[in-house]
Amino acid sequence: MSFPFLYYIRKSPLFRIAFYGLVVVVAFLISFLFFGDFGDKPEIESISPQIGAPGSVLTISGSGFGSEKDTSFVEIGGSSLTSSSYLSWSSSEIKIQLPSNVQDGLVYVETKRGRSQPVVFANKDNIPVAINQAGIQTALPVIESEAPQKVSVGQILTITGSNFGSIRGEDSFVYFTPSGGLNKNNDSQDLDSIYIAAQEVDFDYELWSNTEIQVRIPDGVASGSFFVKTDKGTSNHRNITVSSTVGKKNFPDKRVYLVQLSADIADVAMERNSSVTLRVPRPQPSASQRGITLTESSPQPIFEDYNKSVIHQLHSSQVNQEKTGFTQTFVIPVNSIQTEINEDRVQKFSDTDRLLYKVYTAPDALVPSGEESVIELAKTIIGKETNPYKQARLIYNYILDNYILLHALLPKEILPLIMLDAKQGDAYDFAIMFTALCRASGIPAIPVSGILIDNTKNGQNHWWAEIYLENFGWLPVDIALAAGLPFNLSVEPEDSREFYFGNLDIHHIAFSRGWNEVNPTIITNKTVYRPKTYGLQSIWEEATTGTINYSSFWSDPVVLGIY
């Protein structure tokens with residue numbers, strides 16, 4: 001039966017062309033059926049904000065992005081983002097943290113289905129700012145209404161009014177009354193030392209436009225007044241009621257520290273137009289650390305506060321001596337933290353789409369909560385318990401009962417995961433593993449790094465943790481002090497194990513709250529990471545390719561005064 005077919009193949013050119021064409025079409029259809037993607041190309045409907053600054057969160061809304069990132073990516077200004085920039089990815093929404101080197105340009109989403117149409121994005125730092133002429137009146141922000149008027153920490157407050165600004169500027173904040181009320185004896189003009197501002201680290205700002213602000217009630221806030229501040233001034237004050245059935249937080253004691261940070265660079269050899277950049281971690285503002293001030297810096301930094309750091313740079317034209325020193329001095333007010341939790345009122349996190357929940361329950365470069373050994377151990381510890389507070393307490397007790405705290409730090413190259421098999425670890429390991437086990441259990445948690453300071457002004461690097469309870473806020477946990485880490489406190493708790501699950505004394509200064517992933521200014525630059533220090537950030541030093549050689553020495557923080 002195949003004879004006529006073969007005959008026509010040999011004898012008829014037209015038959016051969018038709019046959020081979022048919023083979024190609026069939027092969028294409030088979031390939032499309034088995035390997036083709038029937039989905040639509042990605043489409044961007046909007047981005048928010050359209051004008052943003054490095055470090056802020058950019059939300060891309062649209063369709064066809066795919067339920068998972070996989071090999072898809074976002075491109076801004078001709079550059080694809082690194083994996084650390086992506087906070088969340090769904091078929092209709094992508095959230096990214098803008099890198100430090102983000103440029104103006106077109107935004108694309110590219111998937112295996114194709115490339116979206118572009119949307120224009122502008123880096124706010126590159127936009128020239130017009131100087132107000134003398135005598136020109138600028139409109140102050142005005143609050144007309146707010147809803148709801150009774151809220152809990154973490155809930156969204158919608159503020160309507162005028163003159164808020166079309167985008168949230170770097171000097172724009174919403175301020176609230178702190179728990180414990182306003183200090184009547186505080187004559188400072190610094191709003192950050194009197195009130196509590198909504199925090200970017202907690203992703204409190206949901207929407208900002210000229211006539212409407214949606215902001216989550218920040219940690220540590222109580223009933224009282226709130227207002228909006230922009231670069232034009234402050235708005236009228238309005239009152240809200242802040243309450244929670246979960247519990248209460250207070251800041252009963254206060255101490256002010258004068259702390260100096262320093263580093264030296266020596267033995268420098270570099271080519272022309274080369275540089276070395278230092279990123280010095282700043283003490284971080286929070287409900288218990290308000291009104292932090294950089295009082296002195298030598299030499300003058302290129303940025304006093306950029307991506308949670310003081311930025312110094314040594315340029316090739318400045319290398320004219322054997323050693324260059326960099327110092328900065330901070331005034332850091334610290335409040336103790338006292339909490340009362342109605343543990344049976346704590347509920348499992350309901351708003352799992354909230355960015356704070358997604359970020360602080362996911363693994364990162366520091367917290368290995370995605371490791372199978374951590375996940376399985378967390379399941380074993382919490383069992384059938386569903387209450388997040390009780391889950392965290394079970395994890396806390398398990399570590400204290402089953403692991404030995406080493407008073408001396410382990411070598412920096414030993415990872416905290418080793419603690420699970422070795423049944424021992426240092427203060428850093430205890431804090432990281434507690435955080436990892438909480439995240440693996442679906443409890444938002446962050447490691448905190450900083451220093452402990454005794455009454456004689458002696459300090460040491462230290463690490464602890466915080467967990468987030470819905471409708472309450474952050475709960476401090478210092479598992480190392482609970483395990484008996486020796487330290488000279490002004491007042492020793494009667495029961496350290498009980499005290500340090502939910503309370504914190506005035507001896508703690510936090511320099512990092514969570515992992516700070518810093519991108520290099522130029523991808524080819526050489527970078528230095530300093531593990532197990534008072535700051536949790538990926539880059540401390542950055543040298544351009546023309547830097548041939550240099551040495552650095554970082555001093556531990558020095559306490560100059562206690563007030």
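Note that the coordinates shown come from a computational prediction; the quantities given were computed from them, not determined experimentally. Residue numbers start at 1 and run along the sequence shown.
- In this structure, Tyr389 has its ring center closer than 6.0 angstrom to the ring center of Phe501.
- Under the 4.5 Å side-chain criterion, counting only non-hydrogen atoms from C-beta, Asp364 is in contact with Arg439.
- Heavy atoms only, all atoms of each residue included: Ala197 and Asp192 are closest at CB-OD1, 4.4 Å.
- For the pair Ile446 and Val201, the minimum side-chain heavy-atom distance is 4.5 Å or more.
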- Task: Would you please test Ser350 and Glu470 for side chain to side chain donor-acceptor pair (under 3.5 Å) and show each step?
- Result: CA-CA 8 Å; Ser350 61; Glu470 193 171 46; 3.1 Å; yes
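- Relative to the ring axis of Phe173, Arg168 places its NZ or CZ within 45° and under 6.0 Å from the centre.
- Here the straight-line distance linking atom CD1 of Ile453 with atom CD1 of Ile332 works out to 7.0 Å at 0.5 Å rounding.
- When the options Leu377, Ile395, Ile443 are evaluated for a side chain to side chain contact (heavy atoms under 4.5 Å, CB included) with Ile382, the one that passes is Ile395.
- Under a 3.5 Å cut-off, the side chain of Lys308 and the backbone N or O of Arg513 do not form any donor-acceptor pair.
- Between Tyr428 and Trp463, the ring planes are perpendicular. Angles over 60° get that label, and only those under 30° would be called parallel.
- Taking each heavy atom of Pro178 and Ala222 in turn, the nearest pair found is O-CB, 3.8 Å.
- Minimum interatomic distance between Ser449 and Leu536 (heavy atoms only, all atoms of both residues): OG-CG, 3.2 Å.
- What you find for Ala378 and Ser441 is that their closest heavy atoms are CB-OG, 3.5 Å.
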- Could you please spell out the steps behind the side-chain contact (heavy atoms from CB on, under 4.5 Å) verdict for Ile562 and Lys457? CA-CA 7 Å; Ile562 301 177; Lys457 299 194 297 188; 3.6 Å; yes
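- Within a 6.0 Å radius of CD in Glu413, other residues, nucleotides and ligands contribute more than 12 heavy atoms.
- Within a 6.0 Å sphere centred on NZ of Lys390, other residues, nucleotides and ligands contribute more than 12 heavy atoms.
- Between Val242 and Phe176 there is no side-chain heavy-atom pair separated by less than 4.5 Å.
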- Task: Check the pair Ile399, Phe430 against side-chain contact (heavy atoms from CB on, under 4.5 Å), reporting the backbone distance first and the verdict last.
- Result: CA-CA 8 Å; Ile399 293 176; Phe430 270 46; 3.8 Å; yes
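- Annotation: cation-pi geometry not satisfied between Arg282 and Phe330 (NZ/CZ under 6.0 angstrom from ring centroid, within 45° of ring axis).
- Between the side chain of Asp421 and the backbone N or O of Ile418, no donor-acceptor pair lies under 3.5 Å.
- Atoms CH2 and OG1, on Trp554 and Thr533 in that order, are 9.0 Å from each other to the nearest 0.5 Å.
- Without hydrogens or angle criteria, Glu45 side chain to Ser61 main chain gives no donor-acceptor distance under 3.5 Å.
- Between Arg393 and the options Glu385, Glu343, Glu498, a salt bridge (charged side-chain N to carboxylate O under 4.0 Å, His left out) holds for only Glu498.
- A donor-acceptor pair is defined here as one N or O able to donate and one able to accept, closer than 3.5 Å; such a pair exists between the side chain of Ser116 and the backbone of Val109.
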- Query: Which is it for Asn519 and Thr82 under the side-chain contact (heavy atoms from CB on, under 4.5 Å) test, yes or no, and what are the steps along the way?
  - Reply: CA-CA 9 Å; Asn519 294 318; Thr82 60; 3.8 Å; yes
- Message: Let's go through Ser309 and Asn307 carefully: what are the C-alpha distance in whole Å and the side-chain angles of both, what is the deciding distance for side chain to side chain donor-acceptor pair (under 3.5 Å) to 0.1 Å, and is it a yes or a no?
- Response: CA-CA 6 Å; Ser309 301; Asn307 201 2; over 6 Å; no
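- Side-chain contact between Leu469 and Ile341 is present, with heavy atoms from C-beta onward closer than 4.5 Å.
- Separating the CD1 atom in Ile76 from the CD1 atom in Ile60 is a distance of 6.0 Å, to the nearest 0.5 Å.
- Side-chain atoms of Asn402 come within 3.5 Å of backbone N or O of Tyr398 as a donor-acceptor pair.
- Without hydrogens or angle criteria, Thr380 side chain to Glu376 main chain gives a donor-acceptor distance under 3.5 Å.
- Between Lys150 and Ser243, the shortest heavy-atom distance links the atoms CE-OG, 3.4 Å.
- Distance check, rounded to the nearest 0.5 Å: CD of Glu340 to CG of Asn503 gives 9.0 Å.
- Proximity of a side-chain donor or acceptor of Gln289 to a complementary backbone N or O of Gln284 within less than 3.5 Å is detected.
- Side chain to side chain, Ser88 and Glu93 fail the donor-acceptor criterion of an N or O pair below 3.5 Å.
- Contact check for Asp202 versus Arg216: no side-chain heavy atoms found under the 4.5 Å cut-off.
- With a 4.5 Å cut-off on side-chain heavy atoms, Pro520 and Ile539 count as touching.
- The main-chain N or O of Pro252 is never found under 3.5 Å from a side-chain atom of Asn250 such that the two would form a donor-acceptor pair.
- A perpendicular orientation is assigned to the rings of Trp515 and Tyr529, their planes being inclined by more than 60° (bins at 30° and 60°).
- Side-chain atoms of Tyr500 do not come within 3.5 Å of backbone N or O of Pro493 as any donor-acceptor pair.
- Of the inter-residue distances, the one linking Phe251 atom CZ with Leu504 atom CG reads 11.0 Å to the nearest 0.5 angstrom.
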- Message: ring pair (Phe, Tyr, Trp, His ring centres under 6.0 Å), that's the test. Do Trp540 and Tyr534 meet it? Break it down for me.
- Response: CA-CA 12 Å; Trp540 290 65; Tyr534 60 90; 5.5 Å; yes
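- Applying the 6.0 Å contact sphere to CD of Glu492 captures more than 12 heavy atoms from other residues, nucleotides or ligands.
- With contacts defined as side-chain heavy-atom distances shorter than 4.5 Å, the pair Asp478/His462 qualifies.
- Looking at Trp89, its side chain does come within 3.5 Å of a backbone N or O of Gly66 through a donor-acceptor pair.
- Once rounded to the nearest 0.5 Å, the distance linking CE of Met433 with CG of Leu420 reads 4.0 Å.
- The minimum heavy-atom distance between Val374 and Leu437, with the atom names listed, is O-CD2, 3.6 Å.
- More than 12 heavy atoms of other residues, nucleotides or ligands sit less than 6.0 Å from atom CZ of Arg497.
- Residues Ile337 and Lys249 form a side-chain contact, since some pair of their non-hydrogen atoms from C-beta on lies under 4.5 Å apart.
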- Item | Candidate pair Ile467 and Phe434, rule side-chain contact (heavy atoms from CB on, under 4.5 Å), full reasoning | CA-CA 10 Å; Ile467 61 172; Phe434 174 79; 3.9 Å; yes
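- In summary, the side chains of Asn455 and Arg255 do present a donor paired with an acceptor at a separation below 3.5 Å, with no hydrogens or angles considered.
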